[in-house]
Peer 1: 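Here it is: the structure, laid out below.
Position 1 is the first residue of the sequence; numbering continues from there. Bear in mind that the values here come from a model prediction, so they are computed numbers and not experimental data.
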Amino acid sequence: MAALTGRALIASRCAKFFKNGDFVNLGIGVPLLCVNYLPEGVNLWLEAEIGTVGSGATPPWDSVDIDVIDAGGQPASIITGGSVYDHEMSFAFIRGGHIDATVLGTLQVDQEGNLANWTIPGKLVPGMGGAMDLCAGVKKIIVATDHCEKSGKSKILKKCTLPLTGAKCVTDIVTERCYFEVTPEGLVLRELAPGYTVDDIKACTEADFIVPDEIGVME
């Protein structure tokens with residue numbers, strides 16, 4: 001089987017953070033792909049802000065229920081034992097600290113663990129959704145993101161310049177090039193994607209980071 005690259009590699013690496021039975025919230029985009037790469041024996045309870053626990057696989061089009069969608073508005077399903085509820089209960093799960101982990105996309109993230117993923121000043125946006133609540137109510141905040149913008153500018157900064165979604169909340173950053181752990185001492189380069197070197201990461205990352213003696217390989 002061919003080695004994973006790009007966003008598939010990001011989703012696969014993020015999925016390795018989860019333990020069997022975890023209560024998890026997945027953001028729109030790459031985070032939703034994580035369910036396709038769960039390690040063997042790991043089953044999750046997926047919570048969606050739209051009001052479901054136990055979100056399942058994407059159904060075939062001939063079995064779609066138009067009333068059941070995922071965070072991105074695409075057809076979804078609910079596993080046996082799952083439930084549907086109102087927004088008030090959804091945010092009670094988040095704000096009450098009941099969710100084990102969340103995976104979020106971002107516009108910017110920095111070496112202090114600050115996250116900016118909901119707006120660019122002067123541009124029309126639909127709103128922050130539940131991201132601010134997730135940053136405040138979930139202990140493990142995993143950022144899944146392309147390492148750089150389309151222009152080539154780093155998305156992993158010394159300090160975010162866009163309005164923050166959450167302050168000093170991010171615990172892990174996974175890109176198609178590497179995995180950083182966010183620690184009190186700063187970013188630590190834990191793993192490199194196949195084909196990348198430490199010097200490559202230094203060249204495409206604005207943030208400062210620590211290079212340990214041993215660095216793993218993303219897969």
Peer 1: Would you say the side-chain atoms of Thr119 and Lys123 include a donor-acceptor pair closer than 3.5 Å?
Peer 2: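 No pair is found: no donor N or O on one side chain lies under 3.5 Å from an acceptor on the other.
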Peer 1: Please report the C-alpha distance between Glu176 and His147 in whole Å, then the side-chain angles of each, then the deciding distance to 0.1 Å, and finally whether the side chain to side chain contact (heavy atoms under 4.5 Å, CB included) criterion is met.
Peer 2: CA-CA 7 Å; Glu176 80 285 5; His147 204 100; 3.7 Å; yes
Peer 1: Can you tell me how far the CZ atom of Phe18 sits from the SG atom of Cys34, to the nearest 0.5 Å?
Peer 2: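 Phe18 atom CZ to Cys34 atom SG measures 5.0 Å (nearest 0.5 Å).
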Peer 1: Assigning hydrophobic clusters by single linkage (Ile, Leu, Val, Met, Phe, Trp, Tyr; side-chain heavy-atom cutoff under 4.5 Å), is Val84 placed with Leu44?
Peer 2: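 No, it is not one cluster - the side chains of Val84 and Leu44 are not joined through contacts under 4.5 Å.
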Peer 1: With Arg177 as the cation and Tyr179 as the aromatic partner, state whether NZ or CZ is under 6.0 Å from the six-membered ring centre and within 45° of the axis.
Peer 2: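 No, cation not above the ring by the 6.0 Å, 45° rule.
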Peer 1: Let me confirm one number: the CZ-CZ distance from Phe93 to Phe23, rounded to the nearest 0.5 Å.
Peer 2: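 Going from the CZ atom of Phe93 to the CZ atom of Phe23 covers 4.5 Å.
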Peer 1: Are Glu112 and Lys159 ion-paired here, with the side-chain N under 4.0 Å from a carboxylate O?
Peer 2: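 The answer is yes: the pair qualifies as a salt bridge.
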Peer 1: Could you tell me whether the side chain of Pro163 reaches within less than 4.5 Å of the side chain of Pro121, counting heavy atoms only?
Peer 2: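 They are in contact (side-chain heavy atoms under 4.5 Å apart), so the answer is yes.
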Peer 1: Are Val24 and Phe17 in one and the same hydrophobic cluster, where Ile, Leu, Val, Met, Phe, Trp and Tyr link if side-chain heavy atoms are under 4.5 Å apart?
Peer 2: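 Yes: a chain of side-chain contacts under 4.5 Å links Val24 to Phe17.
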Peer 1: Would you check if the side chain of Asn114 reaches a backbone N or O of Cys160 as a donor-acceptor pair within less than 3.5 Å?
Peer 2: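 It does not hold such a pair.
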Peer 1: Short question: side chain of Thr205, backbone of Ile201 - any donor-acceptor pair under 3.5 Å?
Peer 2: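 Side chain of Thr205 to backbone of Ile201, a donor-acceptor pair under 3.5 Å: yes, one is there.
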Peer 1: Evaluate salt bridge (charged side-chain N to carboxylate O under 4.0 Å, His left out) for Arg190 paired with Glu181, printing each intermediate quantity in order.
Peer 2: CA-CA 7 Å; Arg190 293 299 186 194; Glu181 180 184 7; 2.8 Å; yes
Peer 1: One thing to verify: whether Glu206 and Lys158 come together as a salt bridge, which I'm taking to mean a side-chain N less than 4.0 angstrom from a carboxylate O.
Peer 2: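 No.
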Peer 1: Taking all non-hydrogen atoms of both residues into account, name the closest pair between Ile28 and Pro31 and its distance.
Peer 2: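 Ile28 and Pro31 have their closest heavy atoms at O-CD, 3.4 Å.
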Peer 1: Rounded to the nearest 0.5 Å, how far does CH2 of Trp118 lie from SG of Cys135?
Peer 2: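 Cys135 SG to Trp118 CH2: 12.5 Å, rounded to 0.5 Å.
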Peer 1: Are the side chain of Ser77 and the backbone N or O of Pro59 linked by a donor-acceptor pair below 3.5 Å?
Peer 2: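 Here the side-chain-to-backbone pair does not exist.
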Peer 1: On a heavy-atom basis, which atom in Ala144 and which in Cys14 lie closest, and how many Å separate them?
Peer 2: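 Scanning both residues completely, I find the closest heavy atoms to be CB-SG, 3.9 Å.
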Peer 1: Test side chain to side chain contact (heavy atoms under 4.5 Å, CB included) on Ile120 and Leu162 and set out the steps.
Peer 2: CA-CA 6 Å; Ile120 298 175; Leu162 295 175; 4.3 Å; yes
Peer 1: Does Thr102 reach the main-chain N or O of Asn25 with its side chain, forming a donor-acceptor pair under 3.5 Å?
Peer 2: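 Yes; judged by distance alone, with no hydrogens or angles, the pair exists.
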Peer 1: Looking at Val109 and Thr106, what are the two nearest heavy atoms and their distance?
Peer 2: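 Smallest heavy-atom distance, with atoms named: N-OG1, 4.2 Å.
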Peer 1: When you compare the side chain of Leu187 with that of Ile210, does any pair of heavy atoms fall below 4.5 Å?
Peer 2: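 No, their side chains stay 4.5 Å or more apart.
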Peer 1: Treating Ile, Leu, Val, Met, Phe, Trp and Tyr as nodes and any side-chain heavy-atom pair under 4.5 angstrom as an edge, say whether Tyr37 and Val103 lie in one connected cluster.
Peer 2: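 Same cluster.
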Peer 1: For Leu46 and Val35: C-alpha separation, side-chain torsions, deciding distance, then whether side chain to side chain contact (heavy atoms under 4.5 Å, CB included) applies.
Peer 2: CA-CA 9 Å; Leu46 296 180; Val35 293; 3.3 Å; yes
Peer 1: Quick one: CG on Leu26 to CD1 on Ile142, what's the gap to the nearest 0.5 Å?
Peer 2: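 Here the interatomic distance stands at 9.0 Å.
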Peer 1: Does a side-chain N-to-carboxylate-O contact under 4.0 Å join Lys139 and Asp100?
Peer 2: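 Asp100 and Lys139: not salt-bridged.
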Peer 1: Is the Phe209 ring parallel, tilted or perpendicular to the Phe180 ring (thresholds 30°, 60°)?
Peer 2: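 Tilted, since the angle between the ring planes falls between 30° and 60°.
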Peer 1: Could you tell me whether a side-chain N or O of Asp146 sits under 3.5 Å from a main-chain N or O of Cys148, the two making a donor and an acceptor?
Peer 2: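 Looks like no, no N/O pair under 3.5 Å.
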Peer 1: A side-chain contact here means heavy atoms from C-beta on lying under 4.5 Å apart; do Val188 and Pro212 qualify?
Peer 2: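 Side-chain contact under 4.5 Å: yes.
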Peer 1: Hydrophobic clusters here meaning ILVMFWY residues chained together by side-chain heavy-atom distances under 4.5 Å, can you tell me if Ile141 and Met132 are in one?
Peer 2: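 Each belongs to a different hydrophobic cluster.
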Peer 1: Check whether the side chains of Thr52 and Glu47 place a donor and an acceptor atom closer than 3.5 Å, and report yes or no.
Peer 2: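 Short answer, no.
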Peer 1: For residues Trp45 and Ile79, determine if any side-chain heavy atom of one lies less than 4.5 Å from a side-chain heavy atom of the other.
Peer 2: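 Yes; the side chains approach each other to less than 4.5 Å.
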Peer 1: List the steps and the verdict of side chain to side chain contact (heavy atoms under 4.5 Å, CB included) for Leu189 and Val198.
Peer 2: CA-CA 9 Å; Leu189 181 63; Val198 172; 4.1 Å; yes
Peer 1: Indicate yes or no for a side-chain donor-acceptor contact from Thr145 to the backbone of Gly105 under 3.5 Å, with no hydrogens or angles considered.
Peer 2: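 Looks like no, no N/O pair under 3.5 Å.
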Peer 1: Can you tell me how far CG of Leu115 sits from CG of Leu104, rounded to the nearest 0.5 angstrom?
Peer 2: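 Spacing of CG (Leu104) from CG (Leu115) equals 6.5 Å.
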Peer 1: Is the shortest side-chain heavy-atom distance between Cys178 and Tyr196 below 4.5 Å?
Peer 2: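 Counting from C-beta outward, Cys178 and Tyr196 never come under 4.5 Å.
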Peer 1: What distance separates Ile156 CD1 from Asp208 CG, expressed to the nearest 0.5 Å?
Peer 2: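 It comes to 12.5 Å.
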Peer 1: Could you tell me which non-hydrogen atom of Ala207 sits nearest to which non-hydrogen atom of Gln111, and how far apart they are?
Peer 2: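 Shortest heavy-atom separation between Ala207 and Gln111 comes out as CA-OE1, 3.4 Å.
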Peer 1: Can you see whether Thr161 engages Gln108 through a side-chain donor-acceptor pair at a distance of less than 3.5 angstrom?
Peer 2: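 Judged by distance alone, the side chains do pair up.
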Peer 1: Tell me whether Thr183 contacts the main-chain N or O of Gly186 through its side chain, where contact means a donor paired with an acceptor under 3.5 Å.
Peer 2: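 Yes, the answer is positive, given that a donor and an acceptor are paired below the 3.5 Å cut-off.
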Peer 1: Kindly indicate whether the side chain of Thr171, heavy atoms from C-beta on, has any atom under 4.5 Å from the side chain of Val182.
Peer 2: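 The answer is no, as the side chains (C-beta and beyond) never meet within the 4.5 Å cut-off.
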Peer 1: Hydrophobic clusters here meaning ILVMFWY residues chained together by side-chain heavy-atom distances under 4.5 Å, can you tell me if Val143 and Val138 are in one?
Peer 2: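 Yes, it is one cluster - the side chains of Val143 and Val138 are joined through contacts under 4.5 Å.
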Peer 1: So that I can tick it off, tell me whether Arg13 and Glu219 are bridged by a salt bridge, with the cut-off set at under 4.0 angstrom between side-chain N and carboxylate O.
Peer 2: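 Answer for the salt bridge query: no.
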